[in-house]
Amino acid sequence: MAQITVTEALRTWIQEVQSLTEPDSVHIVDGSKEEEELLLQRLVENKTFMPLNPQKRPHSFLACSNPDDVARVEGKTFICCANEADAGPTNHWHDPATMKTKLEHLFKGCMRGRIMYVVPYCMGPADSPYAQIGVEITDSPYVVINLKIMARINESISKRAGEKPFVKALHSVGVPLSEKQDDCSWPCNTKELVIAHFPEIEEIWSFGSGYGGNALLSKKCFALRIASWMARDNGWFAEHMLIISVTNPKGEKLYMTAAFPSACGKTNLAMLESQLPGWKVECVGDDIAWMFWDEHGTLRAINPEFGCFGVAPGTSSKTNKHGIELLQKNCIFTNVARTKENDVWWEGLTDQPPHGLTTWKQQPYDPKSAEPAAHPNARFTAPLYQCPSLDSAWNDPQGVPISAIIFGGRRSSTIPLIRQAKSWRQAVFFGASMTSATTAAAKGAVGKVRHDPFAMLPFCGYHMGDYFQHWLSMGTQSQQLPSVFYVNWFLKNQEDRFSWPGFGENIRVLAWIFDRIKGRAKATSTPVGYIPDPSSLRLPSHTNYDELFPCDTQAWNDELNDLESYFSTFGERLPHELTEELAMIRTGLSCP
Ligand code: GTP
Ligand code: SPV
Ligand code: MN
């Protein structure tokens with residue numbers, strides 16, 4: 001392993017953290033293969049990782065978490081900025097000084113008996129003008145090995161870290177070990193859980209959880225909460241969006257981004273296998289997009305991440321063939337079930353569960369039980385470069401030019417399969433009006449419809465009203481704004497079954513979007529946007545247009561009334577354009 005010489009700025013911070021947390025030793029991560037093997041060996045010895053069958057799943061591992069530590073915890077996630085009003089009504093605010101005092105108390109000696117890992121990483125292609133450096137200090141080797149897949153980590157990045165301002169992220173599972181004490185397989189301290197963001201000084205402090213977005217601080221904490229604050233100040237976007245290219249049978253290619261709330265279909269759309277002959281979708285990113293105007297006024301997007309942290313349940317060769325290929329090797333699986341051949345399984349992978357399964361809770365699986373074999377928020381961590389449908393520009397330092405932005409949510413009624421915004425103002429209204437049924441990605445009730453503007457409810461690091469204003473202002477920056485759409489794959493019919501086949505069939509909707517941009521698809525103007533003419537949308541034969549485009553004025557009025565009261569929670573910071581757009585739609589709906 002390389003001996004990393006760190007910059008003065010980074011060394012000072014390492015020393016500060018070391019004297020606060022009192023680890024046994026410090027390990028500066030260099031991203032080498034030997035280092036990876038050493039970490040894997042430690043994780044296997046500690047029983048955090050179970051090696052999977054190398055014949056079936058080479059170089060892959062299963063981790064099963066503490067049942068109390070299985071998802072993001074929004075209630076323990078804080079924005080600590082000087083002025084409470086700047087965090088806005090959608091965030092939990094905490095005074096920075098008292099939060100620091102509380103954290104310093106929690107972190108005092110919290111790494112005793114453990115190794116403190118210093119992980120310098122780069123978000124975005126290392127040579128991109130849009131890339132940024134972060135450093136996570138953590139006492140969890142599970143976090144380190146996940147970060148090695150999720151972010152760009154190598155010796156040259158480690159040497160560079162600290163040269164420019166870098167985002168500091170400090171993480172501890174919060175379980176110090178005494179000399180004689182053995183570690184458990186998934187240390188965590190969920191009673192003391194806190195995930196605190198200090199956007200003004202670009203710092204993140206996370207204590208008590210080892211899972212996903214609570215602990216892999218490059219992802220939601222940096223690339224969305226801190227980055228959204230930076231983006232507002234510097235005229236760019238940090239969004240919860242996938243990035244894809246769509247190529248038509250003529251070989252024309254357009255790039256699109258799409259924002260859906262957690263566990264609402266981003267990874268699946270990003271890896272879509274087209275069910276329309278001649279059409280192709282390729283992947284640049286599956287969760288986060290950073291977008292910038294270039295000097296020609298084109299909106300360009302990079303994927304700051306290097307891997308996927310995707311939802312396992314529901315992933316199968318029928319629903320997501322490219323996803324299944326992505327997972328063949330070099331992956332980490334968390335909270336899935338294990339087969340008797342030592343491979344992985346989850347609900348939906350096959351129609352029938354195989355015999356002899358062990359559940360994520362390490363129990364023999366009982367098919368009669370209501371308890372699933374895999375946790376509903378079970379996840380895989382996979383290197384993006386293993387995706388068989390990777391776009392050729394996925395690692396382009398200049399990013400890709402964006403022609404369409406798609407919003408979407410999980411709604412069983414009212415919201416049509418697809419519609420297009422008529423103006424940038426309506427586009428921003430589309431984003432601001434997003435609602436979706438909650439999923440297992442965050443702790444709490446599942447299936448409850450909530451407002452999730454721009455799929456950023458849990459991830460916008462500042463006042464949501466200012467965020468809407470930022471989107472409106474960005475629309476004045478260029479003459480060539482992307483076209484904006486709103487989709488809903490999750491409409492249900494009277495038998496409570498999905499009206500839309502979804503997955504690979506979603507290409508039909510992407511094809512309509514593509515053709516609209518090229519001026520080749522017909523649409524009808526309605527108060528809530530342009531709706532496809534049935535002839536312009538390539539519907540599968542067994543689907544019913546009317547079911548996919550419900551036209552229920554009463555339901556829309558209820559929707560608008562609810563939205564109006566939601567908007568009122570933003571007070572004076574709600575841009576007047578959104579109130580005007582709402583009023584205009586309402587007037588339109590009341591027309592015969
Ligand atoms: P995060 O990683 O939490 O941000 O989730 P995501 O937005 O990437 O969602 P993902 O693609 O992992 O899908 C979440 C769940 O929705 C999975 O169980 C999928 O099988 C299911 N899903 C995805 N796309 C569709 C679709 O088009 N139709 C239906 N019915 N289900 C879908
Ligand atoms: C999400 O919840 O949107 C995720 C998973 O992508 S996590 O990384 O845990 O935030
Ligand atoms: Mn996500």
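Counting starts at 1 for both ligands and their atoms, following the listed order. Numbers for residues simply follow the sequence, beginning at 1.
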Has K492 got its NZ or CZ under 6.0 Å from the middle of the six-membered ring of F498, at an angle within 45 degrees of the ring axis? yes

Measure the OG-CE distance between S403 and M256 for me, rounded to the nearest 0.5 Å. 7.0 Å

Ionic contact status for K219 with E136, cut-off 4.0 Å: no

Note, the Mn ion (ligand 3) has protein N, O or S atoms under 2.8 Å numbering 3

Please work out whether any backbone atom (N, CA, C, O) or any side-chain heavy atom from C-beta onward of N214 is under 4.0 Å from ligand 2, and answer side chain, backbone, both or neither. neither

Would you mind listing which atoms of ligand 2 come within a distance below 4.0 Å of any non-hydrogen atom of H240? 3 (O)

Any donor-acceptor pair under 3.5 Å linking the side-chain atoms of H451 with those of T435? no

When you measure from the centre of the six-membered ring of F430, is the NZ or CZ of R419 closer than 6.0 Å and no more than 45° off the axis? yes

Taking 4.0 angstrom as the limit, do R338 and D343 come out as a salt bridge? no

Taking non-hydrogen atoms within less than 4.0 Å of ligand 1, which protein residues qualify? H240, P261, S262, A263, C264, G265, K266, T267, N268, D287, F309, V311, P313, G314, R379, R410, W489, F490, F498, G502, F503, N506

Using a strict 4.0 Å cut-off to heavy atoms of F309, name the atoms of ligand 2 that fall inside it. 8 (O), 9 (O)

Are any non-hydrogen side-chain atoms of K220 and I288 less than 4.5 angstrom apart? yes

Tell me whether the centres of the aromatic rings in W279 and F514 are closer together than 6.0 Å. yes

Using 30° and 60° as the class limits, which term best fits the ring planes of F380 and W346: parallel, tilted or perpendicular? tilted

Note the single closest protein heavy atom to atom 7 (S) of ligand 2, along with its residue, its atom name and the distance in Å. G213 N, 3.5 Å

Pairing donors with acceptors under 3.5 angstrom, does anything connect the side chains of S499 and N493? no

Number the atoms of ligand 2 from 1 as they appear, then name those within less than 4.0 Å of a heavy atom of S262, with their elements. 1 (C), 2 (O), 3 (O)

Can you sort out which atoms of ligand 2 are near A441, meaning under 4.0 Å from one of its heavy atoms? 2 (O)

Checking R232 against Y462: charged group under 6.0 Å from the ring centre and within 45 degrees of the axis? yes

Location of contacts on Y211 toward ligand 2, heavy atoms closer than 4.0 Å: neither

Check this for me - ligand 2, R72, N or O atoms closer than 3.5 angstrom, yes or no? yes

Face-on cation placement of R410 at F490 ring, 6.0 Å and 45° thresholds: yes

Does a side chain donor of either T190 or D69 reach within less than 3.5 Å of an acceptor in the other side chain? no

Students should be able to answer this: which protein heavy-atom is nearest to atom 4 (C) of ligand 2, and at what distance? K220 NZ, 2.9 Å

Residue-level breakdown please: for F260 versus ligand 2, do any non-hydrogen atoms fall below 4.0 Å on the side chain, on the backbone, on both, or on neither? neither

Consider ligand 2: state whether an atom of it lies below 4.0 angstrom from any non-hydrogen atom of R379. yes

Atoms of ligand 2, numbered as shown, that sit under 4.0 Å from any heavy atom of F459: 3 (O)

Is the number of heavy atoms from other residues, nucleotides or ligands within 6.0 Å of CG (N544) greater than 12? yes

Does the Lys NZ or Arg CZ of K266 fall within the cation-pi geometry relative to F260 - under 6.0 Å from the ring centre and within 45° of the axis? no

Atom indices of ligand 2 within 4.0 angstrom of D287 heavy atoms, with elements: 6 (O)

Verify whether the ring centers belonging to Y142 and W186 lie closer than 6.0 Å. yes

Relative to the heavy atoms of K219, which atoms of ligand 2 are at a distance of less than 4.0 Å? 6 (O), 8 (O)

